[in-house]
Amino acid sequence: MGLLGMYIVEDDYERQLPLPKGEYDVPLMLESKTFGLDGSLILNNTKKNTLFEGSVPLVNGVPWPRMGVANRKYRFRILNGTGSNFFQLALSRQENALTEGDILTVIGNDGGLIDQPIPISSPETLRVSMAEGYEVVIDFSKYPLGTQLYLQNTGLKERVDLETPVKPIMRFDVVRQEIDDSEIPDQIRPFETISIDAANRERTFIYENIQGKWMINQKMWDAKRIDFRANPGDIEIWTLVNPQKGKLHPIHLHGVEGQILDRNGKPPFPYERGWKDIFHVGSQETVRIALKFATRDGRKLEGKYMLHCHHLQQIRS
């Protein structure tokens, strides 16, 4: 029915870190909806075989919210809960433009905390695909009381079917002064890189539209079909290929996490470090990832899992 929620999973190691806690640890669940003039929710459109993308951004169910904050550090857990909308986020002191030097410090992604903080200084941006999550810290202590800051969405330039100008998603108002005992550690969580030299095999997955139908390796979805088998504990190198221009795929792997090796032969973005299960495969892009079919503490995984693109709202007529 269009509802959205979030699980927050922590362990004792994370709880003991000096990161912002309690009321200064805030989930931001991003949605995008389209409403009629009477406020009713519109869930379809008239175009054939098109992705349905909302026109109104919602944060925790509220359109363009405002949040009063103290002049201290806050931790925000950002989740893209939309079915078809990508976000390119930045912090700004102007409502409809990017200002320089306003910083989102990334401390985690959909696989949890990363090894070291990664500052995203405007006009640099943080890309968040569907179902992808990032944790950021914003330090409001550098701003005087009365300052207004905007979480902006600049849109993705690689999209050919949608042009999004700089638009605010929400506003932060610095309204009070408080003592801040939180810190961002130089090393947040130790991180062990998967050894690709120990890989058992390599696989390639091609995502493309063939005669109006989305396919993986020229195959459509079939719940009864098993496409490949991996042994528990195996390490594999997967190459995710998107040959089409202007089409983007947030690839979601169930039951297994991985690490990005490269994008078109170049290093991934620094904020994509660490463990992930959502992998953005951009326009005409090839992304290589390393997977280990075991938990981080070495327990071997068993079961049946699927992989898919996280475009969830496809309108057909």
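When reading the values below, keep in mind they use all heavy atoms of this one structure, side chains included, and skip hydrogens, waters and symmetry mates. All figures in this text were calculated on a predicted structure; none of them were measured in a lab. Numbers here simply count residues along the sequence, with the first being 1.
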Novice: When rounded to the nearest 0.5 angstrom, what distance separates CG in Leu291 from CH2 in Trp275?
Specialist: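 Here the interatomic distance stands at 9.0 Å.
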
Novice: Side-chain donor-acceptor contacts of residues 252-259 below 3.5 Å, not counting sequence neighbours, with atom names and distances?
Specialist:
residue	atom	partner	partner atom	Å
His252	ND1	His254	NE2	3.4
His252	ND1	His308	NE2	3.3
His254	NE2	His308	NE2	3.1
Glu257	OE1	Arg296	NE	3.1
Glu257	OE1	Arg296	NH2	3.2
Glu257	OE2	Arg296	NH2	2.9
Gln259	OE1	Ile194	N	2.9
Gln259	NE2	Glu192	O	3.2

Novice: Would you check if the side chain of Thr239 reaches a backbone N or O of Arg288 as a donor-acceptor pair within less than 3.5 Å?
Specialist: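 Looks like no, no N/O pair under 3.5 Å.
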
Novice: If two hydrophobic side chains count as joined below 4.5 Å and joins carry through other members, does Val241 share a cluster with Ile289?
Specialist: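 No: no chain of side-chain contacts under 4.5 Å links Val241 to Ile289.
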
Novice: Surrounding NZ of Lys300 (heavy atoms of other residues, nucleotides or ligands, distance under 6.0 Å), is the total greater than 12?
Specialist: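 Atom NZ in Lys300 is not packed in, count stays at 12 or less.
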
Novice: Show your working on side-chain hydrogen bond (donor to acceptor under 3.5 Å, both in side chains) between Asp180 and Ser182 and close with a plain yes or no.
Specialist: CA-CA 6 Å; Asp180 185 6; Ser182 67; 2.6 Å; yes

Novice: Going by side-chain hydrogen bond (donor to acceptor under 3.5 Å, both in side chains), name the residues that satisfy it together with Arg273, two or more places apart in sequence or in a different chain.
Specialist: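 By the side-chain hydrogen bond (donor to acceptor under 3.5 Å, both in side chains) rule, Arg273 matches Asp115.
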
Novice: Give the ring-plane orientation class for Tyr74 versus Phe76, where under 30° counts as parallel, over 60° as perpendicular and anything between as tilted.
Specialist: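 Ring orientation of Tyr74 relative to Phe76: parallel.
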
Novice: With ring centroids as reference points, do Trp238 and Phe228 lie under 6.0 angstrom apart?
Specialist: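 Yes, the ring centres sit under 6.0 Å apart.
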
Novice: Given 3.5 Å as the limit, does a donor-acceptor pair link the side chain of Ser92 with the main chain of Gln94, or not?
Specialist: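 Yes, because the side chain of Ser92 sits within donor-acceptor range (under 3.5 Å) of the backbone of Gln94.
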
Novice: Supply the atom-to-atom distance Arg263 CZ to Leu261 CG, rounded to the nearest 0.5 angstrom.
Specialist: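 It comes to 11.5 Å.
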
Novice: Shared ILVMFWY cluster between Ile118 and Ile103, side chains joined below 4.5 angstrom?
Specialist: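 In one cluster with Ile118: Ile103, no.
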
Novice: Apply side chain to side chain contact (heavy atoms under 4.5 Å, CB included) to residues Val106 and Glu135 and explain how you reach the verdict.
Specialist: CA-CA 6 Å; Val106 179; Glu135 297 189 30; over 6 Å; no

Novice: Assess the side chains of Gln88 and Thr125: does a donor N or O sit below 3.5 Å from an acceptor N or O?
Specialist: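 There is such a pair between these side chains.
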
Novice: Identify, with sequence neighbours excluded, every residue that meets side-chain contact (heavy atoms from CB on, under 4.5 Å) alongside Asn264.
Specialist: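 Per chain and number, Asn264 pairs via side-chain contact (heavy atoms from CB on, under 4.5 Å) with Glu285, Thr286.
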
Novice: If you round to the nearest 0.5 Å, how far is OG of Ser141 from CD1 of Ile179?
Specialist: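 The CD1 atom of Ile179 sits 13.0 Å away from the OG atom of Ser141.
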
Novice: Phe87 and Ile120: same hydrophobic cluster, using ILVMFWY side-chain contacts below 4.5 Å?
Specialist: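 Looking at the clustering, Ile120 is in the same group as Phe87.
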
Novice: Keeping Gln152 on the side-chain end and Glu95 on the backbone end, is there a donor-acceptor pair under 3.5 Å?
Specialist: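 A pair under 3.5 Å: yes.
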
Novice: Can you name the nearest heavy-atom pair linking Pro65 to Val59, along with the distance?
Specialist: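 Between these two residues, the closest heavy atoms are CG-CB, 3.6 Å.
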
Novice: Is a donor from one side chain sitting under 3.5 angstrom from an acceptor on the other, for Asp197 and Ser195?
Specialist: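 Side-chain D/A pair, Asp197 to Ser195: absent.
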
Novice: Which atom names give the shortest non-hydrogen contact between Ile237 and Ala199, and what distance separates them?
Specialist: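 So the minimum-distance heavy-atom pair works out to CG1-CB, 3.8 Å.
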
Novice: Show your reasoning for whether side chain to side chain contact (heavy atoms under 4.5 Å, CB included) applies to Phe35 and Val56.
Specialist: CA-CA 8 Å; Phe35 299 94; Val56 178; 4.0 Å; yes

Novice: Quick check: does any side chain N or O of Tyr305 sit under 3.5 Å from a backbone N or O of Glu302, one acting as donor and the other as acceptor?
Specialist: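 Yes; judged by distance alone, with no hydrogens or angles, the pair exists.
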
Novice: For Glu132, does its backbone N or O pair with a side-chain atom of Asp110 as donor and acceptor, under 3.5 Å?
Specialist: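 Between the backbone of Glu132 and the side chain of Asp110 there is no qualifying donor-acceptor contact (under 3.5 Å).
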
Novice: Looking at Phe279 versus His249, is the centre-to-centre ring distance below 6.0 Å?
Specialist: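 Phe279 vs His249: aromatic centres not under 6.0 Å.
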
Novice: Strictly below 4.0 Å, N to O, side chains only: are Asp11 and Arg189 in salt-bridge contact?
Specialist: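 So Asp11 pairs with Arg189 through a salt bridge.
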
Novice: According to side-chain hydrogen bond (donor to acceptor under 3.5 Å, both in side chains), who are the partners of Asn109, at least two apart in sequence or on a separate chain?
Specialist: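 Applying side-chain hydrogen bond (donor to acceptor under 3.5 Å, both in side chains) to Asn109 gives none.
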
Novice: Under the side-chain contact (heavy atoms from CB on, under 4.5 Å) rule, collect the residues that match up with Gln244, sequence neighbours excluded.
Specialist: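 If we apply the side-chain contact (heavy atoms from CB on, under 4.5 Å) test to Gln244, skipping adjacent residues, the hits are Glu208, Asn209, Trp214, Asn242, Lys247.
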
Novice: Please check if Leu79 and Val128 belong to a single hydrophobic cluster, counting links between Ile, Leu, Val, Met, Phe, Trp and Tyr side chain heavy atoms closer than 4.5 Å.
Specialist: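 Cluster IDs for Leu79 and Val128 differ.
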
Novice: Any salt bridge linking Glu31 with Lys33? Criterion: basic side-chain nitrogen under 4.0 Å from a carboxylate oxygen.
Specialist: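 The answer is yes: the pair qualifies as a salt bridge.
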
Novice: Tell me every residue that passes side-chain hydrogen bond (donor to acceptor under 3.5 Å, both in side chains) with Thr295, counting only those two or more places apart in sequence or in another chain.
Specialist: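 Thr295: side-chain hydrogen bond (donor to acceptor under 3.5 Å, both in side chains) contacts with Asp297.
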
Novice: Show your working on ring pair (Phe, Tyr, Trp, His ring centres under 6.0 Å) between His311 and Phe86 and close with a plain yes or no.
Specialist: CA-CA 10 Å; His311 278 290; Phe86 297 87; 5.7 Å; yes

Novice: Who clusters with Val137? Use side-chain heavy atoms, under 4.5 angstrom, across I, L, V, M, F, W and Y, and order the result by chain and number.
Specialist: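 Taking Ile, Leu, Val, Met, Phe, Trp and Tyr as members, Val137 shares its hydrophobic cluster with Tyr13, Leu17, Leu19, Ile107, Leu113, Ile184, Ile188.
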
Novice: Among residues at least two apart in sequence or on other chains, which ones pass side-chain hydrogen bond (donor to acceptor under 3.5 Å, both in side chains) with Tyr24?
Specialist: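 Once residues adjacent in sequence are excluded, the partners of Tyr24 under the side-chain hydrogen bond (donor to acceptor under 3.5 Å, both in side chains) criterion are Glu178.
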
Novice: With rounding to the nearest 0.5 angstrom, report the CG to NZ distance, Asn200 to Lys292.
Specialist: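 One finds 10.5 Å between CG of Asn200 and NZ of Lys292.
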
Novice: Looking at residues at least two apart in the chain, or sitting in another chain, which of them share a ring-ring contact (aromatic ring centres under 6.0 Å, His included) with Tyr7?
Specialist: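 Tyr7: no ring-ring contact (aromatic ring centres under 6.0 Å, His included) contacts found.
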
Novice: Looking only at heavy atoms, what is the nearest atom pair of Pro185 and Pro18, with distance?
Specialist: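 Nearest heavy atoms, Pro185 then Pro18: CG-CD, 3.9 Å.
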
Novice: Can you list the residues that meet the ring-ring contact (aromatic ring centres under 6.0 Å, His included) rule with Tyr271, with sequence neighbours excluded?
Specialist: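 So Tyr271 forms a ring-ring contact (aromatic ring centres under 6.0 Å, His included) with Tyr134, Phe269.
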
Novice: Between Arg66 and Asp173 (salt bridge meaning N to carboxylate O under 4.0 Å), is one present in this structure?
Specialist: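 Result for this pair is no, no salt bridge flagged.
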
Novice: Using a strict 4.0 Å threshold on nitrogen-to-oxygen distance, state whether Arg127 and Glu272 make a salt bridge.
Specialist: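 Yes, Arg127 and Glu272 are salt-bridged.
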
Novice: Is there a chain of hydrophobic side chains (I, L, V, M, F, W, Y, each step under 4.5 Å between heavy atoms) that links Tyr143 to Tyr150?
Specialist: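 Shared cluster, no.
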
Novice: Measure the CD1-CE distance between Ile278 and Met130 for me, rounded to the nearest 0.5 Å.
Specialist: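 Going from the CD1 atom of Ile278 to the CE atom of Met130 covers 9.5 Å.
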
Novice: Pairs of donor and acceptor atoms involving the side chains of residues 216-223, under 3.5 Å and at least two apart or interchain, shall be tabulated with distances.
Specialist:
residue	atom	partner	partner atom	Å
Asn217	OD1	Ile206	N	2.8
Asn217	ND2	Thr204	O	3.0
Asp222	OD1	Lys224	N	3.0

Novice: Which atom pair, heavy atoms only, marks the closest approach of Ala290 to Ile196?
Specialist: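 Closest approach of Ala290 to Ile196, heavy atoms only: CB-CG2, 4.2 Å.
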
Novice: Return the CZ to CD1 distance between Arg171 and Ile169, rounded to the nearest 0.5 Å.
Specialist: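 It is 15.0 Å, given to the nearest 0.5 Å.
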
Novice: Tell me the closest heavy-atom pair linking Pro27 and Asn60, and the distance in Å.
Specialist: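 In this case the closest contact between Pro27 and Asn60 is O-ND2, 2.9 Å.
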
Novice: Within the side chain of Ser122, is there an N or O that forms a donor-acceptor pair under 3.5 Å with the backbone of Thr99?
Specialist: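 Checked: pair present.
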
Novice: On a heavy-atom basis, which atom in Pro117 and which in Thr105 lie closest, and how many Å separate them?
Specialist: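 For Pro117 versus Thr105, the nearest heavy atoms are CB-CG2, 3.7 Å.
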
Novice: With sequence neighbours excluded, tell me which residues meet side-chain contact (heavy atoms from CB on, under 4.5 Å) with Glu10.
Specialist: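 So Glu10 forms a side-chain contact (heavy atoms from CB on, under 4.5 Å) with Ile8, Glu14, Arg15, Asp25, Arg75, Arg77.
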
